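Excluded from the calculations below are hydrogen atoms, water molecules and symmetry mates; all remaining heavy atoms, backbone and side chain alike, are included. Numbers restart at 1 for each chain; the letters A, B, ... are given by sequence-line order, proteins then strands. Quick caveat, the model's predicted, so the values are computed rather than measured.
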Protein chains: 2
Amino acid sequence: MTKKLLLKDVARLAGVSEMTASRALRGAPDVSAKTKAKIEEIARTHGYVPNRIAGSLSSQSVNLVAVVVPSLNSFVFPEVLSGISAVLKESPLKPVVGISGYDLEEEESVIREMLSWRPSGLIVAGLEHTEATRRMLQQADCPVVEVMDVDGDPVRHCVGISHLQAGRDMAAQILERGYRRIGFIGTKMPQDFRARKRFDGFTDELAVQGVTLADLEHYSGESAIQTGRLLTAQMLARSPDLDCLYYSSDVMSVGGLMHCLAAGLSVPGDIALAGFNNLQILQGLPQQLATTDACRREIGERAAGIILQSRQTGGAEGLILDQLGPAISLGETL
Amino acid sequence: MTKKLLLKDVARLAGVSEMTASRALRGAPDVSAKTKAKIEEIARTHGYVPNRIAGSLSSQSVNLVAVVVPSLNSFVFPEVLSGISAVLKESPLKPVVGISGYDLEEEESVIREMLSWRPSGLIVAGLEHTEATRRMLQQADCPVVEVMDVDGDPVRHCVGISHLQAGRDMAAQILERGYRRIGFIGTKMPQDFRARKRFDGFTDELAVQGVTLADLEHYSGESAIQTGRLLTAQMLARSPDLDCLYYSSDVMSVGGLMHCLAAGLSVPGDIALAGFNNLQILQGLPQQLATTDACRREIGERAAGIILQSRQTGGAEGLILDQLGPAISLGETL
DNA sequence: ATCGGTACCGCAAACGTTATCGATACCGGA
DNA sequence: TCCGGTATCGATAACGTTTGCGGTACCGAT
């Protein structure tokens with residue numbers, strides 16, 4: 001751990017001015033190939049790492065895109081992130097992730113922190129925010145994209161699916177196939193607005209067709225296969241006449257399938273199952289579970305695309321609202 | 001999107017100097033309660049977001065901890081991250097994640113990028129790096145912790161488990177239970193050094209006891225249940241006399257279990273199964289799969305703890321090598 | 001020999017905040 | 001009334017880099 005190495009040191013060692021060294025290392029023009037090679041050589045051998053704090057302050061530009069998501073454990077947001085990363089890879093921008101923990105106050109503080117670094121763009125999951133957060137998003141002098149959900153009032157750009165509609169569609173499918181004694185198992189995390197919207201859309205559509213939910217169970221904490229299995233067991237124990245279960249997440253429906261397997265219930269003969277997200281863990285299970293694809297990766301890709309586009313147009317690209325059409329896959333459990 | 005609001009504007013509006021405004025907003029001393037309240041009020045209503053780039057440059061301190069992991073899809077690193085976040089939550093530090101994609105060159109560039117922001121600490125998964133990366137880590141003027149693995153030559157601090165030993169231990173357990181026709185299914189990602197070490201330890205221990213691997217399969221790409229299922233099917237088709245399978249990941253062993261379920265094979269009667277990581281998805285499956293706990297969360301917690309400790313001691317804490325003892329859980333499949 | 005043009009390079013001034021130190025006002029005690 | 005001390009505040013100089021502009025050297029053409 002030697003003395004801190006500054007641009008001025010590299011310049012001195014190369015016998016040039018700081019400016020020339022700076023240009024050389026950034027690949028800027030106006031440096032002869034020979035001088036550039038020499039400077040790069042010196043920087044490399046001495047392990048010079050430029051101070052981007054100073055650089056960004058000076059150039060008034062930060063090549064980072066802030067991405068704020070509720071969690072990384074839930075299997076769903078990592079894939080959004082891959083989409084973002086893949087698209088940004090072709091640009092100088094890099095994603096930086098912040099976790100809000102399904103908590104709007106925490107989200108506010110995370111976003112404030114992110115914006116204080118003056119990123120080139122901000123991608124945030126969800127349309128629900130505190131008032132202060134909305135103000136920050138409006139005033140931010142970088143493109144802002146709210147993702148995952150389109151049911152609400154976006155601050156600026158928005159890419160996502162309608163969870164209300166996803167719930168309705170699944171209800172319609174379930175009813176069309178003749179199921180009538182329907183149970184719902186979903187998160188009660190008060191701030192998982194999207195799960196809530198699917199639930200609302202689901203029950204709405206049931207109501208339209210004169211059906212009411214036969215049983216309902218809420219759980220708190222992160223979704224887990226184990227939780228899905230236990231809650232399914234409980235619900236079927238107290239409501240043995242159910243013919244279909246809709247879960248707020250695939251992780252839970254997998255648990256449901258596991259219970260049915262263990263209990264010797266035939267699916268969908270004895271009980272039909274459906275989840276949401278189309279997670280990768282559905283592949284390879286004993287049965288292909290019914291689900292709705294949440295277009296996670298594509299949402300990430302498009303959001304990143306909007307950030308890039310906005311960089312080019314200089315923010316004059318108008319409001320973009322990109323509603324994707326999620327596809328239900330019935331699998332073998334409906 | 002109004003004009004950019006600077007500290008100078010807040011100060012002017014409050015009728016104080018920039019310094020006083022700065023102090024007030026940072027909670028520094030030497031500001032009267034009344035002035036502070038006024039400044040905070042103005043900052044809040046006008047939506048002032050401090051520019052931490054300028055702040056960090058001036059104060060020569062950045063409250064960020066860089067965390068570099070190979071992937072976020074693999075179920076394993078998000079949990080390390082939770083551990084880190086949980087511990088850092090009690091401090092002003094915040095984690096920032098970088099993804100290296102199991103690629104040492106990419107890792108080098110990600111770490112360079114991270115260090116160029118002059119973070120207060122760096123946590124990186126794995127002990128294998130390019131030469132340039134090692135130099136950077138050595139020269140970094142912040143605490144550096146290499147995590148997950150202890151089989152190698154750490155640059156500075158290190159927290160992890162011995163994957164070599166984990167492989168040996170599992171082999172010992174398997175042999176002790178009488179299995180002799182053993183197959184291995186693992187990733188061939190050339191850079192997943194830890195999976196490789198488990199494989200080496202595993203075969204070493206087999207060799208010590210005079211047993212050689214009966215069959216072996218490598219796959220590329222991320223682990224998936226589906227992949228585990230397919231490869232298990234293939235391997236059992238060509239080597240029907242196997243009595244035990246060891247996988248480089250739980251995700252794969254779950255796929256194995258699914259195949260056995262579908263094929264009507266009894267586990268462990270017909271074939272025993274064991275994986276690695278002790279992922280949450282193991283909970284709630286038809287059978288409790290054998291696995292080794294990788295201490296993911298604890299590794300994250302301890303790594304973050306070292307960063308905090310080093311902040312206090314000012315880097316005079318000496319080298320820390322923290323080897324955790326991973327526990328095998330036999331489950332019901334061995 | 002002179003000139004316009006280009007390639008290369010350096011000087012000085014930012015960028016927005018905080019550290020440091022000094023200044024002022026005010027208070028209680030002598 | 002004067003003085004030392006504390007509480008509160010402000011002016012100035014960093015922090016390490018890049019932007020903007022100006023300068024020099026050199027080339028070919030006249």
Please determine whether a side-chain nitrogen or oxygen atom of A/T35 lies at a distance below 4.0 Å from atom OP1 or OP2 of C/dC9. yes
Between C1' on D/dT8 and NZ on B/K38, what's the gap in Å once rounded to a whole number? 15 Å
Would the base of D/dG10 count as contacting B/R23 through its side chain, where contact means a donor and an acceptor less than 3.5 Å apart? yes
Among D/dT17, C/dG16, D/dT8, which nucleotide has an atom closest to any side-chain atom of A/L7? D/dT17
Which nucleotide in the list C/dG16, C/dT20, D/dT18 gets nearest to the side chain of A/M19? D/dT18
With distance as the sole criterion, do the side chain of A/S59 and the base of D/dT18 form a donor-acceptor contact below 3.5 Å? no
Given C/dC8, C/dC15, D/dC15, identify the nucleotide with an atom nearest to the side chain of A/S32. C/dC8
Which nucleotide, C/dT18, D/dG16, C/dG10, lies nearest any side-chain atom of B/S22? C/dT18
Run through B/R134, B/E107, B/E108 and flag the one making a side chain to side chain donor-acceptor pair (under 3.5 Å) with B/H129. B/E107
On the nucleotide C/dG16, are OP1 or OP2 found under 4.0 Å from the side-chain N or O atoms that B/S58 carries? no
How far does CG of A/L88 sit from CG of A/L308, to the nearest 0.5 angstrom? 5.5 Å
C/dA14 phosphate, OP1 or OP2, under 4.0 Å from A/Q60 side-chain N/O: no
Between CD1 on residue B/I161 and CG on residue B/D151, distance to nearest 0.5 Å: 8.5 Å
Here's a test of your reading of the structure: between B/R118 and B/V31, which maps to the more 5' nucleotide of DNA chain D? B/V31
When rounded to whole Å, the CD to P distance for the pair A/E18 and C/dA13 reads 15 Å
Specify the separation, in whole Å, of atom CZ of A/R26 and atom P of C/dC9. 14 Å
Quick check on C/dC9: is either OP1 or OP2 less than 4.0 Å from any side-chain nitrogen or oxygen of A/T20? no
Nearest to the B/N51 side chain among D/dC9, C/dT17, D/dA11, which nucleotide is it? C/dT17
Does A/Y48 have a side-chain nitrogen or oxygen under 4.0 Å from the phosphate oxygens OP1 or OP2 of D/dG16? no
What's the CG-P distance between A/L6 and D/dG16, to the nearest Å? 5 Å
Can you measure A/L25 atom CG to D/dT17 atom P for me and round it to whole angstrom units? 10 Å
Does any N or O in the side chain of B/R302 come within less than 3.5 Å of the main-chain N or O of B/E298, such that one atom is a donor and the other an acceptor? no
Rounded to whole Å, please give me the gap between NZ in B/K4 and P in C/dG16. 6 Å
How many Å lie between CG on B/D30 and C1' on C/dG22, as a whole number? 13 Å
Expressed in angstrom and rounded to an integer, what is the separation of A/I39 atom CD1 from C/dC8 atom P? 12 Å
When you look at B/E41 and B/K38, which way does the salt bridge (Lys or Arg N to Asp or Glu O under 4.0 Å) test go after all the steps? CA-CA 5 Å; B/E41 162 72 8; B/K38 184 172 177 187; over 6 Å; no
Answer whether the closest heavy-atom distance between the side chains of B/L64 and A/E113 falls below 4.5 Å. yes
